[in-house]
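In what follows, residues are counted from 1 in the order of the sequence shown.
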Amino acid sequence: MWIQNYDPRGSWPVSTLLAALPVLTLLGLLVSGKVSAGKSALAGLTLACVMAWGAFGMPLPMVLASAGVGMVFALFRIVWLIVAAVFLYDLAVATGQFEVMKRTIAGLSPDRRLQAVLVAFSFGAFIEGCAGFGAPVAISAAFLVGLGFHPFQSALLCLIANTAPVAWGSVGIPLRTLSVVTELDVEALSATAGRILPILSLLIPFWLVAVVAGLRATLAVWPPLLVIGGAFAAVQFLWSNYVGFELVDIASAVASMIAGVVVLHVWKPRDVWRFEHDGDDDGSRGGRPADGQVALSPRTIARAWMPFALLTVMVLIWGLPAIKPLGTTATKDWLDARWSWKPEVPVLHLQVAKGTAVTGRATPAPADLEKAVLDVVPLSATGTAVFAAAVLSGLLLGVSPGSQARILGKTVVRMIPAIFAILCMLALGFVTKYSGMDAVLGLAFTRTGPLLYPIFGTLLGWLGVALTGSDTSSNVLFGNLQKITATKLGLDPILMAAANSTGGVMGKMIDAQSIVVAAAATGEDGREGEILRAVLRHSIALVLMVGTIVWIYAHVTPWVVVAPR
């Protein structure tokens, strides 16, 4: 057994710097704009392996096994999902249904400010609630490009919008995982998160429009922004506190979209805001049919949106847990039991133990041993649900299996650079996880004391998502550390565990994986560094807002935090 060493140099600042080097290399090369995302990720992975072996003393076979486990996880859990989501979108484009969807959105309002909010925020949150990971960014960013938004701007908007919903993404998996890791009540965690993020949910629509058109143009459309954001925030709070945690995003997104439809039927902006390059045939006519076009019938609109309705149904079937009183088995579990292969990695499985600083125990317990299995799940993965929805949609739309295969082939070829980058990034993340380098970075934040830790604990969650690309992974990484540190400092562990997840969501927009997906979906390959530079200040500003809210709850209004039920 190898026990993680969080201070191999005998100086925590030096050890922290060594642990940070792989991530700093990855982000530095991306920001430079001179190195592709794939090469940047490969350089970061290589340095992570060198640091894990040379500086932190992890045996080389364990280092290589860690990278392999990360790549297999990335392939089935992330790459497959993103490819399937983009395939669904490509089918909608190839069959002409996407043009109908564009006209539907434009029919609600020709104003570009409101289109940005409806697609990036409301529709993106809906996809986040169903599928999570990179699917909402990939689909909603491609949607905005199709509407006529600049590709770079589309990527930026969707990355910013994919924040407030992420804590409950993919039918509540991040919070369910956080509960398992910390042994804290999941409903209390969800309810507390539901008292932190609605403030940001109300703000995000205004933030997006300010990015598109500036502050003055934002204030000109404050009524619909308040209604759309307010509906989302209200349902997010009510559902997470009084209903459950699995469907928070879906319920909030649906409420937001319905509120948007209603308010835009009774309220119109005084001046319609459009891009300089907009013409009369670009979908910005407010849904009015152009010369020679036939008005859209309800049946035509329903047919166009059918692929995404099927997407919702399939992902819910895959993602919802078993209903024990009815004697049912969760779909994923049923598929896992029959068509999955999860072999343990002999050199790594239960051979790495977390150290005392993370576990709070002098001697490693069985729960402190890191599991390592190859996650080969061809059918139970969420990507399979998305792919099934895409294939079924294609058949219902009259696309033959052969034509679907050709479209899928083009999708895969187009995304090869992004796939390579994501594989390397997840391998890097798993190497830092098993070697303990990520915990070294997290421990540096715990040295701030009880007064400032609510802010720095929130930043710890942000760092975790920026490192791993997933709020779920960040909760696995730092959730128990948050609980231990909060207990030592006399803070509420429920609050700080929730802060890990809610602060983490603001790191979603700067994680390299999301940026690569956004660039690939919008055709901006090679501009990942520019996207990162553009989105970084928004990420920092938003996570500091979350940290401020957490600080107030910790030191001013502790009664806000929900007690375990």
Query - Close side-chain approach of Met1 to Leu369, heavy-atom, < 4.5 Å - result: yes
Query raised in the report: Which value, rounded to the nearest 0.5 Å, describes the distance between Arg406 atom CZ and Asp90 atom CG?
Result: 14.5 Å
Query - Tyr6 (side chain) donor-acceptor with Ala357 (main chain) under 3.5 angstrom - result: no
Report summary line: Rounded to the nearest 0.5 Å, the CG atom of Leu27 sits from the CD1 atom of Ile515 at a distance of 7.5 Å
**Report entry** Pairwise side-chain contact, Ser539 with Trp462, heavy-atom cut-off 4.5 Å (strictly under)
**Finding:** yes
**Report entry** Thr411 OG1 to Ile82 CD1 distance, which is reported to the nearest 0.5 Å
**Finding:** 13.0 Å
Query raised in the report: Does some side-chain heavy atom of Phe232 sit less than 4.5 Å from a side-chain heavy atom of Ile204?
Result: no
Query - Polar side-chain atom of Ser240 near backbone of Gln236 as donor-acceptor pair, under 3.5 Å - result: yes
Query raised in the report: How about Trp305 and Phe123: are their ring centroids closer than 6.0 Å?
Result: yes
Query raised in the report: Phe98 and Phe143: aromatic ring centres closer than 6.0 Å?
Result: yes
Query raised in the report: Where do Phe387 and Val83 land on the side-chain contact (heavy atoms from CB on, under 4.5 Å) test, with the steps shown first?
Result: CA-CA 8 Å; Phe387 181 74; Val83 169; over 6 Å; no
Query raised in the report: Checking Ser256 side chain against Ser252 main chain: does a donor-acceptor pair fall under 3.5 Å?
Result: no
Requested in this report: Would you confirm whether Thr432, through its side chain, and Gly429, through its main-chain N or O, come within 3.5 Å as a donor-acceptor pair?
Outcome: yes
Query raised in the report: Got a donor-acceptor contact below 3.5 angstrom from the Ser32 side chain to the Leu29 backbone?
Result: yes
Report summary line: The reported gap from OG1 in Thr163 to CD in Glu128 (rounded to nearest 0.5 angstrom) is 9.5 Å
Report summary line: Heavy atoms of Ala520 and Ala418 approach each other most closely as CB-CB, 3.8 Å
Report summary line: Between the CG atom in Leu88 and the CE atom in Met314, the distance rounded to the nearest 0.5 Å is 11.5 Å
Report task. Apply side-chain contact (heavy atoms from CB on, under 4.5 Å) to Met58 and Val352, showing your working. Result -> CA-CA 9 Å; Met58 188 179 194; Val352 175; 4.2 Å; yes
**Report entry** Worked check of side-chain contact (heavy atoms from CB on, under 4.5 Å) between Ser40 and Glu528
**Finding:** CA-CA 10 Å; Ser40 299; Glu528 291 88 356; over 6 Å; no
Query raised in the report: Of the non-hydrogen atoms in Leu200 and Met506, which two are nearest, and what is the gap between them?
Result: CG-CE, 3.8 Å
Query raised in the report: Do Phe430 and Leu426 have side chains that get closer than 4.5 Å, going by heavy atoms?
Result: yes
Query raised in the report: Under 3.5 Å, is there a donor-acceptor pair linking the side chains of Ser190 and Trp168?
Result: yes
Query raised in the report: Any idea which heavy atoms bring Val516 and Ala37 closest together, and the distance?
Result: CG2-CB, 3.7 Å
Query - Validation row: Val119, Ile105 side chains within 4.5 angstrom (heavy atoms) - result: yes
Query - Minimum side-chain heavy-atom gap Glu530-Glu524 below 4.5 Å - result: no
Query raised in the report: Ignoring hydrogens and geometry, is there a side-chain-to-backbone donor-acceptor pair from Ser179 to Leu184 under 3.5 Å?
Result: yes
Report summary line: Nearest heavy-atom contact between Ser154 and Phe149 is OG-CB, 3.3 Å
Query raised in the report: Checking Gln482 side chain against Ala499 main chain: does a donor-acceptor pair fall under 3.5 Å?
Result: no
Report task. Quickly, which of Asp249, Ile139, Val137 forms a side-chain contact (heavy atoms from CB on, under 4.5 Å) with Ile127? Name it, please. Result -> Ile139
Query raised in the report: Is there side-chain contact between Leu75 and Trp80, with heavy atoms separated by less than 4.5 Å?
Result: no
Query raised in the report: Can you tell me if Lys102 uses its side chain to pair, donor with acceptor, with the backbone of Gly146 under 3.5 Å?
Result: yes
Query raised in the report: Closest approach of Ile531 and Ala155, non-hydrogen atoms and distance?
Result: CD1-CB, 4.1 Å
Report task. Evaluate the criterion side-chain contact (heavy atoms from CB on, under 4.5 Å) for residue pair His538 and Leu159; output intermediate values, then yes/no. Result -> CA-CA 10 Å; His538 300 284; Leu159 286 168; over 6 Å; no
**Report entry** Sub-4.5 Å side-chain heavy-atom contact between Gln153 and Leu144
**Finding:** no
Query raised in the report: Hey, is the main chain of Val440 close enough, under 3.5 Å, to the side chain of Gln4 for a donor-acceptor pair?
Result: no
Query raised in the report: Can you check whether Gly57's main-chain N or O pairs, donor with acceptor, with Trp2's side chain at less than 3.5 Å?
Result: yes
Query - Straight-line distance of Leu18 CG to Met437 CE, nearest 0.5 Å - result: 9.5 Å
